[in-house]
Asker: 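Just dropping this structure here.
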Amino acid sequence: MDENQIDMIQASFKKVAPISDVAAGIFYARLFEIAPEVKPMFKGDISEQGKKLMTTLGVVVNGLKDLDKIVPVAQQLAVKHIDYGVKAEHYAPVGEALIYTLDKGLGDDFTPELKAAWLEAYTILSGVMIDAAYSDKIATGAPANETTPAKPWWKFWA
């Protein structure tokens, strides 16, 4: 990612932050629509989970210019999510739900250029997270359905 893409992502997230509750609602509605199998992983209050999601996303977005600080946090988060039942293939619908949410939340401001920037950011981050959480399974020859997405997440709407 280049500096311009990071600036675009950060500026767009500032527009989403004031409607974070609505954005989180859109995100989870879309996620559960396209990946109903993940819904049982969310046992608590979904509005509280939405606040956590938006806070975490804000930290990541604000830290894009200093990846050395956010990558280790993202890696730890990915490893922690294994205990919740998260598998590598779940990153695809999460990415799709994120892009869908940004499209709905930003409307005409979600230009193709901005979408490409968000796609690149999510691709980098999800790749780091998948590698951190599942690299040992990949190295040991675990079945592909437990370690890697069958279809790259960005191809779901391409």
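Numbers here simply count residues along the sequence, with the first being 1.
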Asker: Could you measure the distance from the NZ atom of K52 to the CG atom of L57? Nearest 0.5 Å is fine.
Answerer: 15.5 Å
Asker: Using side-chain heavy atoms (C-beta onward) and a distance below 4.5 Å, is V94 in contact with F27?
Answerer: yes
Asker: Quick one: does L114's side chain get under 4.5 Å of T111's, heavy atoms only?
Answerer: yes
Asker: Do the ring planes of Y91 and Y134 sit parallel (below 30°), tilted (30 to 60°) or perpendicular (above 60°)?
Answerer: perpendicular
Asker: For a side chain to side chain contact (heavy atoms under 4.5 Å, CB included) check, start with the C-alpha distance between D109 and S12, then their side-chain angles and the critical distance, and finish with the verdict.
Answerer: CA-CA 8 Å; D109 289 342; S12 69; over 6 Å; no
Asker: Are any side-chain N or O atoms of Q5 and backbone N or O atoms of D2, one a donor and one an acceptor, separated by less than 3.5 Å?
Answerer: yes
Asker: Taking the six-membered ring for Trp, are the ring centroids of F42 and F32 within less than 6.0 Å of each other?
Answerer: yes
Asker: In Å, rounded to the nearest 0.5 Å, how long is the span from OG1 of T56 to CD1 of I70?
Answerer: 11.5 Å
Asker: Any heavy-atom pair between the side chains of V86 and K80 that's under 4.5 Å?
Answerer: no
Asker: Heavy-atom distance under 4.5 Å between the side chains of H81 and Y84, does that happen here?
Answerer: yes
Asker: So for atom NZ, which belongs to K65, do other residues, nucleotides or ligands contribute more than 12 heavy atoms lying within a distance under 6.0 Å?
Answerer: yes
Asker: With a 4.5 Å cut-off on side-chain heavy atoms, are I9 and M1 touching?
Answerer: yes
Asker: Are E37 and H90 side-chain neighbours, meaning at least one heavy-atom pair lies under 4.5 Å?
Answerer: yes
Asker: In Å, rounded to the nearest 0.5 Å, how long is the span from CD1 of I124 to CG of L119?
Answerer: 11.0 Å
Asker: With the side chain counted from C-beta on, respond yes when D21 and K51 share a heavy-atom pair under 4.5 Å apart, and no when they do not.
Answerer: yes
Asker: If you measure from OG1 on T101 to CZ on R30, what distance do you get to the nearest 0.5 Å?
Answerer: 9.0 Å
Asker: What I want to find out is whether K115 reaches D103 closely enough, with some N-O distance under 4.0 Å, to be called a salt bridge.
Answerer: no
Asker: Report yes if the side chains of Y28 and L53 come closer than 4.5 Å at any heavy-atom pair, otherwise no.
Answerer: yes
Asker: Look up atom CD in E113 and atom CG in N4, then write down how far apart they are to the nearest 0.5 Å.
Answerer: 6.0 Å
Asker: If we ignore hydrogens and angles and just use 3.5 Å, is the side chain of N62 paired with the main-chain N or O of G58 as donor and acceptor?
Answerer: yes
Asker: Output the distance between atom CD (E120) and atom OH (Y122), rounded to the nearest 0.5 Å.
Answerer: 15.0 Å
Asker: If only atom types and distance count, is the side chain of Q75 paired as donor or acceptor with the main-chain N or O of V128 below 3.5 Å?
Answerer: no
